[in-house]
Amino acid sequence: MRSNRRLRRERRTIAVMIAMYCRSHHGDNARTAALCSECAELQSYALRRLETCRFKERKPTCAKCTVHCYAPVMRQRVRAVMRFAGPRMTYRHPIMALWHLLDGLRSSPTLPRTKAPEDHPNV
């Protein structure tokens, strides 16, 4: 149950950050809650990446993760969103920002090492 709360919190945090970024940078949707197509695509991508994360409940924040599952272009876009929205989260969503900071203190889990072909006797 605890892990589900953690992933729900991650989903909410990324959605709020993308919404803040979109409202500020793509002002034509400022009066509505709708995201522009570019930001909606980014949000959909980020949520899919969260769902397929190898670490699931042990997931660290993406900045501390040992596995970078984002495509380079999307990683740059998410970094821009986080760079913009991160400092503003403290004022607009202080509890969410605090949880995100606490999650950032988690140590990054390591993946089990896969054996190289020369380690297998039957190969």
Side-chain angles (χ1 to χ4, degrees):
M1 185 63 152
R2 184 180 175 109
S3 64
N4 291 337
R5 284 189 301 189
R6 164 102 172 84
L7 290 175
R8 269 196 311 257
R9 193 169 62 239
E10 280 283 326
R11 281 188 228 105
R12 265 194 331 261
T13 301
I14 191 68
V16 166
M17 288 178 136
I18 291 172
M20 288 171 66
Y21 180 86
C22 188
R23 272 193 304 274
S24 178
H25 288 78
H26 311 131
D28 46 334
N29 293 327
R31 295 199 189 279
T32 66
L35 297 174
C36 70
S37 61
E38 184 180 319
C39 291
E41 175 193 13
L42 179 61
Q43 181 174 333
S44 174
Y45 182 83
L47 294 177
R48 273 195 319 270
R49 300 287 40 175
L50 270 173
E51 292 304 316
T52 59
C53 180
R54 294 175 166 193
F55 299 117
K56 298 292 181 204
E57 69 275 352
R58 298 177 318 158
K59 181 196 177 318
T61 56
C62 292
K64 291 186 71 176
C65 193
T66 56
V67 177
H68 296 291
C69 58
Y70 280 57
V73 171
M74 294 303 234
R75 190 178 318 151
Q76 287 177 339
R77 289 173 59 188
V78 167
R79 278 188 187 148
V81 166
M82 299 239 178
R83 202 174 302 124
F84 172 81
R88 289 161 180 82
M89 289 287 287
T90 310
Y91 300 107
R92 305 232 8 230
H93 300 279
I95 303 297
M96 196 178 289
L98 178 63
W99 276 109
H100 189 67
L101 286 173
L102 291 174
D103 290 338
L105 297 176
R106 292 173 167 264
S107 61
S108 184
T110 56
L111 289 174
R113 189 169 167 225
T114 58
K115 293 184 179 181
E118 62 272 0
D119 291 343
H120 293 288
N122 297 338
V123 176

For residues 92-100, dump all side-chain donor-acceptor pairs below 3.5 Å to protein atoms at least two apart in sequence or in another chain.
none

CG (Leu35) and CD (Glu41) are apart, to the nearest 0.5 Å, by 12.0 Å
So OG1 of Thr90 and CG of Leu101: to nearest 0.5 Å the spacing works out to 7.0 Å
Shortest non-hydrogen contact from [X] toward [Y]:
| X | Y | answer |
| --- | --- | --- |
| Phe84 | Met20 | CE2-O, 3.7 Å |
| Arg49 | Cys69 | NH1-O, 3.1 Å |
| Arg77 | Leu42 | NH2-CB, 3.6 Å |
| Ala80 | Tyr21 | O-CE1, 4.0 Å |
| Cys22 | Cys36 | SG-N, 3.3 Å |
| Gly86 | Met17 | CA-CE, 3.7 Å |

Evaluate Arg11 against Leu7 for side chain to side chain contact (heavy atoms under 4.5 Å, CB included), listing each step before the verdict. CA-CA 6 Å; Arg11 281 188 228 105; Leu7 290 175; 3.8 Å; yes
**OP:** Would you check if Met82 and Met89 make a side-chain contact, meaning some heavy-atom pair closer than 4.5 Å?
**Re:** no
Check: Are the side chain of Tyr45 and the backbone of Ala71 linked by a donor-acceptor contact shorter than 3.5 Å?
Finding: yes
query: For residues Ser44 and Arg48, is any side-chain donor paired with an opposing acceptor at under 3.5 Å?
result: yes
